[in-house]
Amino acid sequence: MARDLPKYTVPSLTPEDGARVAAILQGRLDALNDLALTLKHIHWNVVGPHFIAVHEMLDPQVDAVRLMVDATAERIATLGAAPVGTPGALVAARTWDDYAIGRASTTEHLGALDEVYVGVITDHRRAAADTEELDTVTNDLLVGHLRELELFHWFVRAHLESSGGALSTAGASTEKGAAEAARSAVTSDTAP
Ligand SMILES: [Fe+2]
């Protein structure tokens with residue numbers, strides 16, 4: 001989508017810098033909207049003995065991420081740009097694939113969700129670094145998100161961690177690979 005230079009932006013930023021920050025935030029808006037939907041998809045599709053624990057763990061994460069979505073979109077508007085929140089635009093702009101797993105065990109979804117959080121947090125940290133000099137208020141917003149996202153990531157990883165501190169998903173680079181690694185770690189734990 002063509003981006004016009006904003007007619008105004010926050011005091012002390014140039015319109016060009018306002019547009020640059022807004023473009024960075026638009027990428028984070030897409031990622032956070034995608035994450036909120038993916039977390040609900042997992043909430044609905046987990047099965048198995050730990051269903052209720054994982055099902056109920058995810059709703060507060062959805063609520064928190066939806067608040068991040070709103071704050072991100074409103075910061076874009078505050079900067080004088082137009083936030084784009086439609087699903088078609090999100091899918092056209094995103095650089096990642098749809099979440100790869102449907103109905104599956106809690107362990108498999110948690111393994112895949114570990115990968116999802118790695119992707120979102122890595123890109124969010126890059127966006128925070130890219131706005132550190134340009135706009136400290138946007139940087140502060142993103143750092144605040146990271147504080148919560150990294151906590152939620154730990155909630156997920158604590159399910160995948162051995163008493164020695166190793167993650168069952170270590171070395172995985174795809175959602176399906178992480179799901180399989182998490183599943184086989186549980187199977188080998190319980191093998192006679
Ligand atoms: Fe629900």
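The structure displayed is predicted, hence computed values, not measured ones. All residue numbers refer to positions in the sequence shown, counting from 1. The figures that follow rest on heavy atoms only: side chains count, while hydrogens, waters and symmetry mates do not. Order of appearance sets the numbers: ligands from 1, and atoms from 1 within every ligand.
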Under 3.5 Å, sequence neighbours excluded: what are the donor-acceptor pairs made by side chains of residues 154-162?
{"unit_1": "Arg157", "atom_1": "NE", "unit_2": "Asp114", "atom_2": "OD1", "d": "2.9"}
{"unit_1": "Arg157", "atom_1": "NE", "unit_2": "His153", "atom_2": "NE2", "d": "3.1"}
{"unit_1": "His159", "atom_1": "ND1", "unit_2": "Phe155", "atom_2": "O", "d": "2.8"}
{"unit_1": "Ser162", "atom_1": "OG", "unit_2": "Gly164", "atom_2": "N", "d": "3.2"}
{"unit_1": "Ser162", "atom_1": "OG", "unit_2": "Gly165", "atom_2": "N", "d": "3.3"}
{"unit_1": "Ser162", "atom_1": "OG", "unit_2": "Ala166", "atom_2": "N", "d": "3.1"}

**OP:** Around the Fe ion (ligand 1), list the protein N/O/S atoms within a radius below 2.8 Å, excluding water molecules.
**Re:** His43 NE2
Subject >> Distance in Å, Leu29 CG paired with Leu90 CG, rounded so as to fall on 0.5 Å steps >> reply: 7.5 Å
**OP:** May I have all residue pairs that pass ring-ring contact (aromatic ring centres under 6.0 Å, His included) and include part of residues 118-139, sequence neighbours excluded?
**Re:** His124-His145
For residues 47-56, which side-chain donor-acceptor pairs fall under 3.5 Å, sequence neighbours excluded?
{"unit_1": "His55", "atom_1": "ND1", "unit_2": "His43", "atom_2": "O", "d": "2.8"}
{"unit_1": "His55", "atom_1": "ND1", "unit_2": "His43", "atom_2": "ND1", "d": "3.4"}

Subject >> Heavy-atom side-chain contact between Arg75 and Asp135 under 4.5 Å >> reply: yes
Subject >> Close side-chain approach of Leu39 and Leu35, heavy atoms under 4.5 Å >> reply: yes
